[in-house]
Structure formats: structure tokens, C-alpha cells
**Student:** 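This is the structure, below, for whatever I ask next.
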Amino acid sequence: MPDDKELRKQIARVLEWEEGHAGFDRAVEGLPQQLRGRTPKGLPYSPWQLVEHIRRTQADILEFCQADSYEEKQWPKDYWPDSAEPPSPKAWDDSIAAVRRDRLALEVQTTNPKTDLTAKVPNGTTQTYLREILLVADHTAYHVGELVVVRRLLEAWPG
């Protein structure tokens, strides 16, 4: 491909766009502290659990793509928090900041022309960088949708 700069920008945008649905930033914006650990009737997770799951999964994929060596995490233990409640308001804020920081790192990697998006990730078997980027986008969008539903059931969704 002669100049794939625009293609790379479009792929990177998938990590945070809000063109067909709410994005992560909108889904977490303005959620009252007292609702962050509430689990609506009939659902198995709270906003905190969803936010932290998104963070942990994205961080794992980033590590998988960038670390010199990678140790596979245990499912589901390493991907979901034990408690429905965040340990503190700071933990909530730190988790959101980490999602944004790691998302930016993936965007930078995606737009870097030195990254061959079709190359296999050295820590994997057949996984490519493009597959991992799309996996993060798809996984995050899925759980952001759940977060919107949780907020609606908690009567805390502004839209």
C-alpha cells in the first residue's frame, strides 16, 4: 500500500469513536459516585465492574502487543474485579484515566508507519496487530453498551 496514513487514522479512530453508539468517555461521564458500585436487579455487574473489566482487558491486549515477553492472564479472575464497589473514588478515576492512556497508546501504535498491522504479534500464535486493535474496539463497544444499559436501569443515563 503506497500511503496508508489515512487508513491507519481510520483504524485508530475505531478505538474511540461515537458514530454509531455512545463511546467510553460518554458512558462514564457524570456517573454519581453512589451509583458506581450498584448492580441493577437482574444484571450481574455494576458500572465499576464494567469499567474495570474494560481497563484490564485493554491493558492486557496492549501488553500482549508491546511487551518483550508476555504471560497469559487467567480468565475470568484477572479480567474482572472481585467487588461490585470501587475501592475508592480515586480507583474509579484512575481506572478511567488508564483506559484513556492505554487507548492512546494503541492509537499511537496503529498510526505509526513502522508498525506492520498485518504482522503477527511476537507474543502470540496467529494474532496480528490489526486483529488486536479491532478486538479492543469491539470488546470495548460491547461493554460500553452494557454500561449504558446499567446506567439506564439505575436511572443515571442522561440521554
Side-chain angles (χ1 to χ4, degrees), residues 7-67 70-111 117 121 123-124 127-159:
L7 176 62
R8 287 173 179 278
K9 282 172 44 178
Q10 287 295 317
I11 294 168
R13 278 191 57 227
V14 169
L15 293 167
E16 65 175 308
W17 68 9
E18 295 191 0
E19 294 176 22
H21 52 77
F24 177 81
D25 293 326
R26 182 161 177 240
V28 298
E29 183 179 2
L31 182 63
Q33 183 177 333
Q34 69 272 16
L35 298 179
R36 295 172 184 171
R38 292 262 316 270
T39 303
K41 183 178 181 183
L43 291 181
Y45 35 71
S46 67
W48 164 249
Q49 288 168 306
L50 289 166
V51 167
E52 184 63 2
H53 174 65
I54 290 168
R55 183 198 67 78
R56 290 178 185 195
T57 303
Q58 180 178 261
D60 178 50
I61 293 171
L62 179 62
E63 179 186 352
F64 175 72
C65 289
Q66 294 186 344
Y70 171 80
E71 187 173 320
E72 194 170 329
K73 311 287 186 276
Q74 290 185 311
W75 175 261
K77 179 179 128 349
D78 293 331
Y79 292 90
W80 288 92
D82 293 330
S83 173
E85 291 277 340
S88 68
K90 183 177 180 334
W92 172 265
D93 293 340
D94 288 349
S95 186
I96 290 171
V99 169
R100 292 174 176 153
R101 180 193 65 233
D102 290 348
R103 179 179 66 199
L104 179 60
L106 286 166
E107 290 172 5
V108 168
Q109 179 178 357
T110 302
T111 57
L117 297 175
V121 177
N123 287 314
Q127 301 93 332
T128 65
Y129 291 101
L130 179 59
R131 178 218 184 249
E132 296 306 302
I133 293 158
L134 296 176
L135 178 60
V136 168
D138 184 55
H139 178 266
T140 301
Y142 176 84
H143 289 296
V144 164
E146 291 181 312
L147 184 53
V148 170
V149 169
V150 167
R151 287 192 64 168
R152 285 182 186 275
L153 291 172
L154 294 173
E155 298 179 354
W157 182 245

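Note: hydrogens, waters and symmetry copies are ignored here, and every other heavy atom, side chains too, is used.
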**Student:** Please report, to 0.1 Å, the donor-acceptor pairs under 3.5 Å made by any side chain of residues 146-159, with sequence neighbours excluded.
**Tutor:**
from, atom 1, to, atom 2, distance (Å)
Glu146, OE1, His143, ND1, 2.5
Glu146, OE2, Tyr45, OH, 2.9
Arg151, NE, Ala156, O, 2.8
Arg151, NH1, Ala27, O, 2.8
Arg151, NH1, Glu29, O, 2.9
Arg151, NH2, Glu29, O, 3.4
Arg151, NH2, Ala156, O, 2.6

**Student:** OG1/Thr110 to CG/Leu134 distance, rounded to the nearest 0.5 angstrom?
**Tutor:**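 It comes to 8.5 Å.
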**Student:** Are any non-hydrogen side-chain atoms of Glu107 and Leu104 less than 4.5 angstrom apart?
**Tutor:** yes
**Student:** Please examine the side chains of Arg36 and Val51, heavy atoms only from C-beta on, and report whether any two atoms are closer than 4.5 Å.
**Tutor:**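 Answer no - side chains too far apart.
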**Student:** Taking all atoms of both residues into account, what is the closest heavy-atom pair of Ala84 and Gln49, and its distance?
**Tutor:**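 Result for this residue pair: CA-CD, 3.6 Å.
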**Student:** Quick one: closest heavy-atom pair of Ile133 and Leu15, and the distance?
**Tutor:** O-CD2, 3.6 Å
**Student:** CZ/Arg101 to CG/Leu106 distance, rounded to the nearest 0.5 angstrom?
**Tutor:**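 Between atom CZ of Arg101 and atom CG of Leu106 there are 11.0 Å.
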**Student:** With rounding to the nearest 0.5 Å, note down the distance linking CD in Gln66 to OH in Tyr129.
**Tutor:**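 Here the rounded value is 8.5 Å.
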**Student:** Looking at NZ of Lys77 and OH of Tyr79, how far apart are the two atoms once the value is rounded to the nearest 0.5 Å?
**Tutor:** 11.0 Å
**Student:** Run the salt bridge (charged side-chain N to carboxylate O under 4.0 Å, His left out) test on Asp102 and Arg56 for me, step by step, so that the C-alpha distance in whole Å, both residues' side-chain angles and the decisive distance to 0.1 Å come before the verdict.
**Tutor:** CA-CA 10 Å; Asp102 290 348; Arg56 290 178 185 195; over 6 Å; no
**Student:** Is the count of non-hydrogen atoms from other residues, nucleotides or ligands lying under 6.0 Å from Arg38 atom CZ greater than 12?
**Tutor:**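 Counting neighbours around CZ of Arg38, 12 or fewer heavy atoms of other residues, nucleotides or ligands fall under 6.0 Å, so no.
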**Student:** Could you state the interatomic distance from CG (Leu130) to CD1 (Ile11), rounded to the nearest 0.5 Å?
**Tutor:** 5.0 Å
**Student:** Quick one: closest heavy-atom pair of Glu132 and Cys65, and the distance?
**Tutor:** CB-SG, 3.6 Å
**Student:** To the nearest 0.5 angstrom, please state how far the CD atom of Glu71 sits from the CZ atom of Phe64.
**Tutor:** 14.0 Å
**Student:** Would you list the pairs meeting side chain to side chain donor-acceptor pair (under 3.5 Å) in which at least one residue belongs to residues 81-92, sequence neighbours left out?
**Tutor:** Lys90-Asp94
**Student:** How close do Ser95 and Arg55 get, heavy atom to heavy atom, and via which atoms?
**Tutor:**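 For Ser95 and Arg55, the tightest heavy-atom pair comes out as OG-CD, 3.5 Å.
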**Student:** Hey, does the side chain of Asp78 reach the backbone of Gln74 with a donor-acceptor pair shorter than 3.5 angstrom?
**Tutor:** yes
**Student:** What's the verdict on side-chain contact (heavy atoms from CB on, under 4.5 Å) for Asp60 and Tyr70, showing C-alpha distance, side-chain angles and the deciding distance?
**Tutor:** CA-CA 9 Å; Asp60 178 50; Tyr70 171 80; 2.5 Å; yes
**Student:** Look only at the side chain of Gln58 and the backbone of Val99, and say whether a donor-acceptor pair between them is shorter than 3.5 Å.
**Tutor:**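 Yes; judged by distance alone, with no hydrogens or angles, the pair exists.
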**Student:** Applying ring pair (Phe, Tyr, Trp, His ring centres under 6.0 Å) as the test, list every pair that has at least one member in residues 11-43; sequence neighbours left out.
**Tutor:**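 Qualifying pairs: none.
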**Student:** If you measure from the Lys or Arg side-chain nitrogens to the Asp or Glu carboxylate oxygens, is any gap between Arg26 and Glu16 under 4.0 Å?
**Tutor:**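 Glu16 and Arg26: not salt-bridged.
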**Student:** Is the backbone N or O of Trp80 less than 3.5 Å from a side-chain atom of His53, with the two atoms forming a donor-acceptor pair by type?
**Tutor:** no
**Student:** Search all heavy atoms of Thr111 against all heavy atoms of Ala12 and return the closest pair with its distance.
**Tutor:** CG2-CB, 3.8 Å
**Student:** Counting N and O atoms only, with roles assigned by atom type, does the side chain of Thr57 sit under 3.5 Å from a partner on the main chain of Ile54, one being a donor and the other an acceptor?
**Tutor:** no
**Student:** If you define the side chain from C-beta out and look only at heavy atoms, does anything of Leu117 sit under 4.5 Å from Thr128?
**Tutor:**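 Leu117 does not reach Thr128 side chain to side chain.
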**Student:** Can a donor-acceptor pair be found, under 3.5 Å and without considering hydrogens, that links the side chain of Asn123 to the backbone of Ala67?
**Tutor:** yes
